Amino acid sequence: SCGAFIRTEIWACLMPGNPQKAVKYAYEDAIMDHSNEGVYGAAFCAAIESAAFVENDINKLIDIALSYIPEDCGVARGVKKVLECYNRGVDFKQCRKEVLNEVPGSFGSFIGYEDRPVEEDIPNGEDGYDAPSNVAIAVLGLVYGEGDFDKTVCIAASCGEDTDCTAATAGALYGIMYGDQFFD
């Protein structure tokens, strides 16, 4: 369910500063091969990325993106869990565990853990229910990265799950938010 949200940067770039239109195009794209949470993940990411062209306060961006998806869907619950953990002062590793307990994904069950035991305190979710935890992990990287690109991408990647999607989405959003400032 992660394929649709990883494609949303194109809609944000075509509709910079216009999350409503970016979400419209992301939705049309997503429904071709996704449903439910996969579509919500795409809508959330398109909205946050499009809005990031004109706003770089992560909390405002999250509020904007959440306004485009059902407040009780898995993506929304996962993202809200990240904010709750950060505001409580929980470190990112514990936040990851809480996110994966709130909206468990299925990556651990079919990829396996060749070099370490299965994490007993993290349940395996149903197959195909991976957008909620992975969108939340991308947001986790941004929130806990606190404006540092390397920290943002490394945190997102180190949380596991669908790391190419989470790190890429966190990195792309960071680039949209900070643009040329990153190279100063």
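In what follows, residues are counted from 1 in the order of the sequence shown. Note that the structure is predicted; figures quoted are calculated from it, not measured.
Between Ile6 and Ala168 the shortest heavy-atom distance is CD1-CB, 3.8 Å. For the pair Ala30 and Ala4, the tightest heavy-atom approach, listed with the atom from each and the gap, is CB-CB, 3.6 Å. Smallest separation of non-hydrogen atoms from Val99 and Gly78: CG2-O, 4.0 Å. Shortest non-hydrogen contact noted between Ile137 and Cys159 is CG2-CB, 3.6 Å. The two residues Tyr68 and Ala47 have their closest heavy-atom pair at CD1-CB, 3.6 Å.
Put simply, Phe44 and Tyr174 are part of the same group of oily side chains (I, L, V, M, F, W, Y) that touch within less than 4.5 Å, one to the next. With hydrophobic clusters built from ILVMFWY side chains whose heavy atoms lie under 4.5 angstrom apart, Leu61 shares a cluster with Ile69. Residue Leu140 is grouped with residue Leu83 when hydrophobic side chains (ILVMFWY) are merged at heavy-atom distances under 4.5 angstrom, including chains of intermediate members. Cluster membership for Phe53 and Val139, using ILVMFWY side-chain heavy atoms within less than 4.5 angstrom, is not shared. Using a 4.5 Å cut-off between side-chain heavy atoms of Ile, Leu, Val, Met, Phe, Trp and Tyr, with links allowed through other members, Ile48 and Val23 fall into different hydrophobic clusters.
Taking a 6.0 Å sphere around CD of Gln20, one finds it holds 12 or fewer heavy atoms contributed by other residues, nucleotides or ligands. No more than 12 heavy atoms of other residues, nucleotides or ligands sit less than 6.0 Å from atom NZ of Lys21.
Residues Pro70 and Tyr40 meet the side-chain proximity criterion, which asks for heavy atoms closer than 4.5 Å. Within the 4.5 Å cutoff, side-chain heavy atoms of Met177 are placed close to those of Leu142. Counting only heavy atoms from C-beta outward, the side chains of Val75 and Pro132 approach each other to under 4.5 Å. Taking 4.5 Å as the limit, every side-chain heavy atom of Thr169 sits out of range of all side-chain heavy atoms of Val135. Counting only heavy atoms from C-beta outward, the side chains of Phe5 and His34 never approach each other to under 4.5 Å. At least one side-chain heavy atom of Leu100 sits less than 4.5 Å from a side-chain heavy atom of Glu161. Counting only heavy atoms from C-beta outward, the side chains of Phe92 and Ser158 approach each other to under 4.5 Å. Between Val143 and Ile62 the shortest side-chain heavy-atom distance falls below 4.5 Å.
Asp130 and Ser106 are linked by a side-chain donor-acceptor pair at a separation below 3.5 angstrom, with hydrogens and angles left out of the test.
In this structure, Ser50 contributes its side chain and Met15 its backbone to a donor-acceptor pair below 3.5 Å. The main-chain N or O of Tyr25 is never found under 3.5 Å from a side-chain atom of Asp29 such that the two would form a donor-acceptor pair. No donor-acceptor pair closer than 3.5 Å links the side chain of Asp121 to the backbone N or O of Lys97. Between the Thr163 side chain and the Gly160 main chain, no donor and acceptor come within less than 3.5 Å of each other. Side chain of Ser67 to backbone of Ile64: a donor-acceptor contact under 3.5 angstrom is found. Of the possible donor and acceptor atoms, none in the side chain of Lys24 sits under 3.5 Å from a partner among the backbone N and O of Pro19. When atom types are taken as modelled, the side chain of Asn56 and the backbone of Tyr178 share no donor-acceptor pair closer than 3.5 angstrom. A donor-acceptor contact shorter than 3.5 Å links the side chain of Glu37 to the backbone of Gly74. Between the side chain of Tyr27 and the backbone N or O of Ala43, no donor-acceptor pair lies under 3.5 Å.
Distance CD1/Ile122 to OG/Ser133: 10.0 Å, rounded to 0.5 Å. The NZ atom of Lys81 lies 5.0 Å from the CD atom of Glu102; values are rounded to the nearest 0.5 Å. To the nearest 0.5 Å, atom CG of residue Leu14 and atom CD1 of residue Ile10 are 4.5 Å apart. Taken from CD in Glu9 to CG in Leu173, the straight-line distance is 8.5 Å, to the nearest 0.5 Å. Annotation: the span from Ile31 atom CD1 to Asn36 atom CG amounts to 12.0 Å, rounded to 0.5 Å.
Scanning for side-chain hydrogen bond (donor to acceptor under 3.5 Å, both in side chains) contacts around Thr8 gives Glu49, with sequence neighbours left out.
Under the 4.0 Å criterion applied to side-chain N and carboxylate O atoms, Lys80 and Glu84 are not assigned as salt-bridge partners. Note on Arg7 versus Asp33: salt bridge recorded, some NZ/NE/NH1/NH2 to OD/OE distance being below 4.0 Å.
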- request: Starting from the C-alpha separation in whole Å, work towards a yes-or-no answer on side chain to side chain contact (heavy atoms under 4.5 Å, CB included) for Cys165 and Asn134.
  value: CA-CA 8 Å; Cys165 291; Asn134 284 282; 5.6 Å; no
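Relative orientation of the Tyr86 and Tyr144 rings is perpendicular, given thresholds of 30° and 60° on the angle between their planes.
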